[in-house]
**Q** 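Got a structure for you, written out below as structure tokens; questions coming shortly.
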Amino acid sequence: MTPARPLSLRLDASALVDNWRALAKLSGRAATGAAVKADGYGLGAREVVRRLANAGCRDFFVAHWAEAAQLTDIIPASQIAVLNGITAEDIAQARHIGAVPVLNTPRQIADWKASGGGRCHVMLDSGINRLGMGPEQIDASLFEGMQIDILASHLASADEDVPQNAQQLELFLSMATNIKASRRSLANSAGIMLGANYHFDLTRPGLSLYGGIARPEMADIIKPVVQIEAVVLQVRELGQGASVGYNATYICPKPMRVATVAIGYADGYLRSFSGKGMAVFDGIKMPLIGRVSMDLVTVDVSDASEVQEGARVDISYDLVEAAEQSGLSQYELLTGLSDRFERHWF
């Protein structure tokens, strides 16, 4: 028998699909893919891909070859792009898996050609100075004889209205001028909101598929996907002056009813939520008190008399609010959720 887990993620499949469809509509004539790296941003890549493929998505992006290998029994390998490219040691396994490499350097291009070439994607660096070839590396002869499907670049600051966005667009267009490719792609979730000039043939949303608000104007468009539930392990009555948690950072200002709940930083609910997070039971908000520890948090349940040992409470995880509370990015909040959570799709 598999023991019951005290933690669960309730994952809204309809919201996931609705978010993809909303982003597809915003992408206009461009097709809309899905970034499913980091195990589907922590939600479970196989379940995410299965649902988005059924909704009509045909381009999926992972970071590593091992991530691609986990998906080829669900979707055709030809629909999977591996963003981190290849090393010479990867090529045999890459050919076996059948997913498509995103080639990021002249050496990767040379290795791909030497191994027989074939369909590939190419990443150009238009200003993020991360993966991809910069303008100083572009030479027409480099791309001779290549079968490039997607010619891509990645926006660095699309979540802000800054000159860098237009600068990257201009540089991408300039670099792409003499490179033959079937499709071009630039926009991530936030980039979709910058308008049609950024959409090209394919958009590649990630964060906003999973409920993240990449730009403020998306707040009324994107639906939350993730809800955390955790079990109450015990409830105690504490007197005025009692300390709670490591280093006694919280002192009860009055007699209080305090619950210990089975979630902590080992689960991805980090110490930065100490004294800031919130639990909810039957609509009643209950503040976290004291420090978040490895497996536990403590919650003031004085106003929630029905909270008893064994009850399940919601841990507030609105991504925008949680990012403000914790100082973490919405990306970290999703991808940091550990495998101790039981993931339930509904």
Side-chain angles (χ1 to χ4, degrees), residues 2-13 15-16 19 34-49 62-64 66-67 70 159 189 206-214 222-233 244-247 249-250 259-281 285-299 311-346:
T2 303
R5 300 189 190 188
L7 285 167
S8 63
L9 295 179
R10 288 177 50 79
L11 304 172
D12 189 333
L16 173 76
N19 289 341
V36 296
K37 58 186 179 177
D39 197 24
Y41 282 49
L43 276 60
R46 290 177 61 83
E47 297 300 323
V48 168
V49 167
V62 299
H64 304 297
E67 293 180 325
Q70 294 171 358
D159 56 336
S189 294
L207 177 68
S208 293
L209 295 173
Y210 309 105
I213 307 302
I222 299 300
K223 300 177 180 180
V225 177
V226 179
Q227 178 62 59
I228 295 176
E229 289 184 350
V231 169
V232 174
L233 299 177
V244 178
Y246 282 119
N247 301 110
T249 59
Y250 185 86
T260 301
V261 180
I263 188 172
Y265 57 76
D267 308 299
Y269 194 75
L270 302 186
R271 285 184 68 171
S272 50
F273 282 105
S274 297
K276 301 175 183 177
M278 190 76 64
V280 181
F281 182 82
K285 294 182 177 180
M286 307 174 296
L288 270 64
I289 57 177
R291 283 190 174 161
V292 175
S293 55
M294 185 179 293
D295 315 294
L296 306 167
V297 297
T298 43
V299 178
R312 284 186 170 265
V313 298
D314 294 331
I315 303 297
S316 295
Y317 217 63
D318 175 276
L319 292 176
V320 173
E321 290 182 2
E324 292 174 352
Q325 289 172 345
S326 65
L328 303 171
S329 71
Q330 296 178 61
Y331 299 87
E332 293 170 283
L333 291 169
L334 288 170
T335 61
L337 295 170
S338 82
D339 59 7
R340 297 209 295 189
F341 286 94
E342 192 167 8
R343 287 157 167 80
H344 297 288
W345 288 90
F346 66 95

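Just so we're clear, the structure is a prediction, and the values are computed from it rather than from any experiment.
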**Q** Please determine whether side chain to side chain contact (heavy atoms under 4.5 Å, CB included) holds for the pair Ile228 and Leu9, giving the CA-CA distance in whole Å, both sets of side-chain angles, and the decisive distance to 0.1 Å.
**A** CA-CA 5 Å; Ile228 295 176; Leu9 295 179; 3.6 Å; yes
**Q** Got a donor-acceptor contact below 3.5 angstrom from the Ser189 side chain to the Gly206 backbone?
**A** yes
**Q** For a side chain to side chain contact (heavy atoms under 4.5 Å, CB included) check, start with the C-alpha distance between Ile263 and Phe273, then their side-chain angles and the critical distance, and finish with the verdict.
**A** CA-CA 12 Å; Ile263 188 172; Phe273 282 105; over 6 Å; no
**Q** Would you indicate whether the side-chain heavy atoms of Glu332 and Ser326 approach each other to under 4.5 Å?
**A** no
**Q** Checking side-chain contact (heavy atoms from CB on, under 4.5 Å) between Tyr210 and each of Leu333, Leu319, Val48, Ile222, which is the one that passes?
**A** Val48
**Q** How long is the straight-line distance from CG of Asp39 back to CZ of Arg343, given to the nearest 0.5 Å?
**A**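 Output value for this atom pair is 6.5 Å.
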**Q** How long is the straight-line distance from CD of Glu321 back to CD1 of Ile213, given to the nearest 0.5 Å?
**A**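 Those atoms lie 11.5 Å apart.
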**Q** Say you draw a straight line from CG of Asp314 to CE of Met286; how long is it, rounded to the nearest 0.5 Å?
**A**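 It is 8.5 Å, given to the nearest 0.5 Å.
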**Q** Do any N or O atoms from the side chain of Arg46 and from the backbone of Gln70 form a donor-acceptor pair under 3.5 angstrom?
**A**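 Confirmed, Arg46 side chain pairs with Gln70 backbone.
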**Q** Under 3.5 Å, side chain of Thr335 to main-chain N/O of Gly42, donor-acceptor pair present?
**A** no
**Q** Atom CZ in Arg271, atom OH in Tyr265: separation rounded to 0.5 Å?
**A** 6.5 Å
**Q** Is the closest side-chain heavy-atom distance between Thr249 and Ser274 below 4.5 Å?
**A** no
**Q** Decide side chain to side chain contact (heavy atoms under 4.5 Å, CB included) for Val313 and Val299; before the verdict, give the C-alpha distance in whole Å, the side-chain angles of both, and the deciding distance to 0.1 Å.
**A** CA-CA 10 Å; Val313 298; Val299 178; over 6 Å; no
**Q** Looking at Arg340 and Ala266, what are the two nearest heavy atoms and their distance?
**A** NH2-CB, 3.3 Å
**Q** Over all heavy atoms of both residues, which pair between Leu209 and Ala34 is shortest? Give the atoms and the distance, please.
**A**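 Residues Leu209 and Ala34, closest heavy atoms: CD1-CB, 3.6 Å.
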**Q** I would like to know whether Val226 and Leu43 meet side chain to side chain contact (heavy atoms under 4.5 Å, CB included); could you show each step before the answer?
**A** CA-CA 8 Å; Val226 179; Leu43 276 60; 3.9 Å; yes
**Q** Using every non-hydrogen atom in the two residues, find where Gly290 and Tyr250 come nearest and quote the distance to one decimal.
**A**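 Closest approach of Gly290 to Tyr250: N-CB, 3.5 Å.
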**Q** Work out which heavy atom in Ile315 is nearest to a heavy atom in Ala230; give both atom names and the distance.
**A** CG1-CB, 4.3 Å
**Q** Please check: side-chain N/O of Glu229 versus main-chain N/O of Arg10, any donor-acceptor pairing under 3.5 Å?
**A** no
**Q** Do any N or O atoms from the side chain of Asp318 and from the backbone of Val320 form a donor-acceptor pair under 3.5 angstrom?
**A**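 The answer is yes, because a donor-acceptor pair under 3.5 Å joins these two groups.
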**Q** Find out whether Asp12 and Lys223 are in side-chain contact, i.e. whether some heavy atom of one side chain is under 4.5 Å from a heavy atom of the other.
**A** no
**Q** Output yes when a side-chain donor or acceptor of Arg5 lies under 3.5 Å from a complementary backbone atom of Phe341, and no otherwise.
**A**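 Side chain of Arg5 to backbone of Phe341: a pair is present.
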**Q** Ion pair present between Glu67 and Lys37, side-chain N to carboxylate O less than 4.0 angstrom?
**A**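 Salt bridge between Glu67 and Lys37, a charged N being under 4.0 Å from a carboxylate O: no.
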**Q** Which heavy atom of Phe281 sits nearest a heavy atom of Arg312, and at what distance?
**A** CD1-O, 3.6 Å
**Q** Which pair of non-hydrogen atoms, one from Ala262 and one from Pro6, has the smallest distance, and what is that distance?
**A**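 Looking at all heavy atoms of both residues, the shortest contact is CB-CB, 3.8 Å.
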**Q** Which class fits the ring pair Tyr331 and Tyr41: parallel under 30°, tilted 30 to 60°, perpendicular over 60°?
**A**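 Taking Tyr41 first and then Tyr331, their aromatic rings sit tilted (interplane angle of 30° to 60°).
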**Q** How about Leu334 and Leu207: do any of their side-chain heavy atoms sit closer than 4.5 Å?
**A** yes
**Q** Give a yes or no on whether the backbone of Leu16 and the side-chain of Asn19 come within a donor-acceptor separation of less than 3.5 Å.
**A** no
**Q** Measuring from Leu7:CG to Tyr269:OH, what's the distance to the nearest 0.5 Å?
**A** 11.5 Å
**Q** What's the separation between atom CG in Asp267 and atom CG in Leu337, rounded to the nearest 0.5 Å?
**A** 9.0 Å
